[in-house]
Structure formats: structure tokens, C-alpha cells
Amino acid sequence: MACILGKPKPSPARLLAFELVMQVNQEGAFANIRLPELLSKSKLDLADRAFCTELSYGTLRLQGRHDYIATKYLDRPIQEIDSKIINLIRIGIHQLTKMRVAQHAAVSETVEVAKHVAGESKASYVNAILRKVSINDNTLPELLNLPNLQRLAIEHSHPEWIVSAFYDLLKDWQMVEDLLIANNTPASPDVVAWPGKSSMKELVELGATPIEGFVNGANINVIPVNFSPITERRAGVQDRGSQLVIENFLATFEPGLSWLDMCAGPGGKAAYLFNSLAARDPKAKFLANEPISHRAELVKRVVNNSQVISVDGTDPANFTELYDRILVDAPCTGLGALRRRPEARWRKSLNDLKQLVLLQRKLL
């Protein structure tokens with residue numbers, strides 16, 4: 001039994017993982033943006049940073065499965081559980097079922113975090129739930145009796161509407177399961193050298209591997225917060241799919257054109273485009289628009305403040321000039337980025353789709 005008496009001594013890596021999970025689930029933070037910020041302010045060593053990343057990303061990615069397990073032992077509906085408690089339970093279950101952490105350590109260390117952030121009584125509750133999880137079978141054999149849709153949604157921790165959407169496209173349950181497994185497989189980060197600020201030569205010298213067929217793209221085998229061009233904001237963490245959008249967009253480049261990024265937040269494409277234009281044509285006019293203010297602030301970190309505005313892109317009256325090239329990265333389901341964005345699957349529902357389509361049409 002985990003000891004819950006005395007002054008709490010939470011593991012710094014687990015405490016930081018809890019902070020991230022709370023900020024993502026309760027405050028709407030983006031894990032891929034917020035985690036590097038938290039790590040950069042921490043004193044964690046390399047091993048603890050890797051552990052924290054695996055624990056927090058894994059918990060967010062698989063929290064649907066973890067919630068299914070937790071509901072077997074909770075004394076009330078999960079929706080009625082305090083957010084701190086349920087996130088602590090998720091973190092504990094992830095260690096118990098998906099990481100190489102000894103059972104006693106998974107329970108006791110999570111309880112120490114619970115004591116620190118939620119107090120003794122709530123820590124006792126977390127302890128009780130995790131102890132029950134630790135002594136029971138978590139392979140979920142009962143799922144074999146469920147229809148494919150429900151089975152795959154629980155086992156691979158995806159909302160049912162996403163599993164259903166994949167089946168509508170693929171028409172094959174095994175292909176759907178393969179895709180769900182791929183979504184849950186951690187990927188090493190893709191990065192892009194921002195022209196004029198860093199180069200492929202520098203990235204490679206620092207250990208990155210060039211991505212074949214890409215102009216400035218590379219893959220790194222370390223967490224981005226330990227890669228100096230990223231921390232110095234001379235390069236960006238960016239999926240190769242996003243890089244490809246900008247590289248194709250720049251294929252239309254001519255000197256003297258004006259460029260608008262209509263939906264720029266959180267700023268990855270805008271940064272690549274902005275720096276590419278600055279290197280090719282310093283006089284080119286560039287503007288980034290992001291209607292959501294806190295996302296606009298993220299864009300300002302990687303683009304000159306004077307070239308970032310925050311207006312409704314569906315209203316042409318908000319724009320005083322015409323542009324030769326306009327990039328519209330319209331709000332969407334995010335289904336193409338589930339592998340690298342652990343919380344994305346929980347951010348949209350089927351009811352959002354109709355509104356998304358209307359918004360996309362208005363932006364176009």
C-alpha cells in the first residue's frame with residue numbers, strides 16, 4: 001500500500017507531466033507548444049525530460065482507454081470526478097498499463113503528486129483506485145465481445161465518430177485498426193530550418209537527418225527543447241505535411257508579390273513562409289492573420305508583431321488591401337495530425353463538423 005502520510009515528495013517529472021495534462025485538458029493548451037515551454041523552465045535532466053514527455057503525451061493520447069479502465073473502480077460517474085483527481089488517475093493508469101514502471105512506484109509516486117496538488121484526502125482516493133487497477137487484469141479481454149466500432153474505440157483510445165469516419169473511408173476494419181495503432185505510435189519530431197536564420201547544414205551537423213525530397217526539413221532523435229535552433233527560435237518543429245504545404249505554395253513565388261496567411265495560428269506555417277520570403281525578397285509584403293487572440297500571440301513569437309493582425313477572416317471588410325497569394329489553413333477536424341498532436345482527437349466532436357464546413361466555405 002502506498003504511504004500517504006507525511007510531507008509530499010512528488011517526482012518533478014511526474015509533477016510536470018500532471019501540470020501539462022491539466023493545462024491541456026482543462027485550459028485548452030496545445031501539448032506540442034506548452035510542453036517545451038514547461039521543460040525549458042524546469043531543471044529536469046535529459047532522462048527525466050524524456051520520461052515526462054512519454055508520460056504526458058501517452059496519458060493524453062490514451063486517456064479514453066484509461067477512462068474506461070478507471071470507470072470500473074470509480075464510485076460515481078467520471079464526469080462528476082474532480083478534474084485533478086481524474087487526471088492523476090489517468091497518469092497513474094498510464095504508468096501501470098503502458099510504461100515500464102514498477103507497479104508500486106506507479107502507484108506511490110502518483111499518490112505523492114496527488115498529495116502535493118490535491119491534498120491528503122483526495123490522494124487517498126487516488127491511491128485506492130490505482131491499487132485496484134494494479135491488482136486486476138488490464139488487457140481488457142471483454143472487448144472481444146463488442147462490435148468492432150466500440151472495441152476499437154476503447155482499445156485504441158479514439159472517439160467512436162473518428163473510428164467510424166475512418167471505416168467509411170477505408171471499408172476494412174483491419175486497415176482501420178492499423179491506422180489507429182499508427183496514431184498511437186510516438187513519432188520523432190520533424191523540424192524545419194527557417195531560411196536566413198538556420199540551415200540544413202547546421203541541423204545535420206547537430207545530428208538531424210534530412211527528410212528526402214524536402215528543402216529545409218529534417219528529423220531529430222531528441223526532444224525539441226534540447227535542440228538549440230529550436231530553443232533559439234531559428235528553426236521550428238513542423239510536420240513534414242505542413243512543410244510541404246509551404247514549399248508548394250512558394251513554388252508560385254515571384255518578386256514583388258504580396259502574401260497573406262489567413263488562418264495563421266499557432267504560427268508554424270506562418271514562420272516558415274515569413275522567413276522564406278524575407279530571404280528571397282526582403283521587400284515582399286507579408287501579413288499573418290489569426291482571429292483568436294491567444295493564438296495570435298503565438299504567431300507574434302515567430303513573425304514580426306507589426307505583421308500579425310487578429311480579425312475575422314470571413315469578413316472582407318477587415319482587410320484594406322488585396323493580396324497576390326493567400327494561404328487558407330482553414331479550421332478542420334485535425335484527423336491528419338493525430339499521431340503528433342496527442343490531444344487533438346478529444347478536441348472535436350461530430351457536431352462540430354457542419355459548422356466547420358460552413359466556416360471553411362466562408363473563408364474561401
Side-chain angles (χ1 to χ4, degrees), residues 1-31 33-63 65-67 69-136 138 223 225-226 231 342-343:
M1 178 177 179
C3 176
I4 57 173
L5 300 176
K7 187 177 180 180
K9 298 178 181 178
S11 150
R14 288 177 173 85
L15 182 59
L16 196 149
F18 168 76
E19 291 175 4
L20 178 71
V21 171
M22 283 293 293
Q23 290 181 26
V24 169
N25 282 336
Q26 268 50 65
E27 300 173 21
F30 296 93
I33 295 175
R34 189 66 186 121
L35 179 59
E37 295 173 345
L38 292 172
L39 289 175
S40 67
K41 296 175 183 177
S42 76
K43 296 180 180 179
L44 298 181
D45 62 23
L46 220 58
D48 281 342
R49 289 182 179 210
F51 178 86
C52 175
T53 301
E54 182 180 357
L55 176 56
S56 56
Y57 269 45
T59 298
L60 291 167
R61 191 178 284 118
L62 297 178
Q63 70 181 25
R65 188 180 194 276
H66 300 337
D67 288 357
I69 292 173
T71 54
K72 296 181 180 183
Y73 312 108
L74 299 175
D75 57 1
R76 54 191 182 276
I78 196 169
Q79 296 82 3
E80 298 177 10
I81 303 291
D82 178 89
S83 60
K84 287 184 178 180
I85 291 179
I86 194 58
N87 284 323
L88 286 161
I89 290 172
R90 287 165 173 165
I91 287 171
I93 291 176
H94 191 72
Q95 294 170 77
L96 286 168
T97 63
K98 294 295 179 179
M99 294 180 72
R100 296 184 299 276
V101 177
Q103 287 192 347
H104 67 88
V107 176
S108 62
E109 293 287 352
T110 305
V111 169
E112 287 301 303
V113 176
K115 288 165 62 178
H116 181 76
V117 302
E120 293 281 355
S121 62
K122 291 182 178 180
S124 296
Y125 186 78
V126 171
N127 178 58
I129 300 300
L130 293 182
R131 284 187 64 228
K132 291 176 181 177
V133 174
S134 70
I135 61 175
N136 282 281
N138 297 299
I223 55 177
V225 75
N226 293 328
T231 57
E343 76 281 1

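The structure presented is a predicted model; accordingly, all values stated were derived computationally and were not measured.
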> Leu55 versus His94: any side-chain heavy-atom pair under 4.5 Å?
Replying inline: yes
> Just one of Arg65, Arg61, Glu54 clears the side-chain contact (heavy atoms from CB on, under 4.5 Å) bar with Lys98, so which one?
Replying inline: Arg65
> How close do Ser42 and Arg49 get, heavy atom to heavy atom, and via which atoms?
Replying inline: O-NH2, 3.9 Å
> Nearest 0.5 Å, what's the CG-NZ distance between Asp48 and Lys43?
Replying inline: 14.0 Å
>> One pair to check against side chain to side chain contact (heavy atoms under 4.5 Å, CB included): Ser11 and Glu112. What are the steps and the verdict?
In response: CA-CA 8 Å; Ser11 150; Glu112 287 301 303; over 6 Å; no
> Mind checking whether Arg90 and Asn25 have side chains closer than 4.5 Å, heavy atoms only?
Replying inline: yes
>> Within this structure, what is the OH-CD distance for the pair Tyr57 and Glu343, rounded to the nearest 0.5 Å?
In response: 7.5 Å
> Side-chain contact, heavy-atom cut-off 4.5 Å: Leu96 with Asn138?
Replying inline: no
> Are side-chain heavy atoms of Leu88 and Tyr125 found at a separation under 4.5 Å?
Replying inline: no
> CG of Asp67 to CD1 of Ile86: how many Å apart, nearest 0.5 Å?
Replying inline: 5.0 Å
>> I'd like to check Val117 versus Glu19 (side-chain heavy atoms, cut-off strictly below 4.5 Å). Are they in contact?
In response: no
> What distance separates Glu109 CD from Ile91 CD1, expressed to the nearest 0.5 Å?
Replying inline: 12.5 Å
>> Does any part of the side chain of Ile89, heavy atoms only, come nearer than 4.5 Å to the side chain of Tyr73, both counted from C-beta?
In response: no
> Should Leu35 and Leu16 be marked as a side chain to side chain contact (heavy atoms under 4.5 Å, CB included) after you check the CA-CA gap, both sets of side-chain angles, and the distance that decides it?
Replying inline: CA-CA 9 Å; Leu35 179 59; Leu16 196 149; 3.8 Å; yes
>> How long is the straight-line distance from CG of Leu39 back to CG of Asn226, given to the nearest 0.5 Å?
In response: 8.0 Å
> If every non-hydrogen atom of Ser134 is compared with every non-hydrogen atom of Gln103, which pair is closest and at what distance?
Replying inline: O-NE2, 3.1 Å
> CG of Leu60 to CG of Asn87: how many Å apart, nearest 0.5 Å?
Replying inline: 8.0 Å
> Considering all heavy atoms of both residues, which atom of Ala13 and which atom of Cys52 are nearest to each other, and what is their separation?
Replying inline: O-SG, 3.6 Å
>> Using side chain to side chain contact (heavy atoms under 4.5 Å, CB included), reason through His66 and Thr97 one step at a time and then give a plain yes or no.
In response: CA-CA 9 Å; His66 300 337; Thr97 63; 3.8 Å; yes
> Side chains of Arg14 and Gln95: does their closest heavy-atom pair fall under 4.5 Å?
Replying inline: yes
> Is there side-chain contact between Val225 and Leu38, with at least one heavy-atom pair below 4.5 Å?
Replying inline: no
> Looking only at heavy atoms, which two atoms of Pro10 and Leu15 are closest? And how far apart?
Replying inline: CG-CD2, 4.3 Å
> Do you know the tightest heavy-atom contact between Thr110 and Gly92?
Replying inline: OG1-CA, 3.7 Å
>> Looking at every heavy atom in both Val24 and Phe30, which two are closest together, and how far apart are they?
In response: CG2-C, 4.5 Å
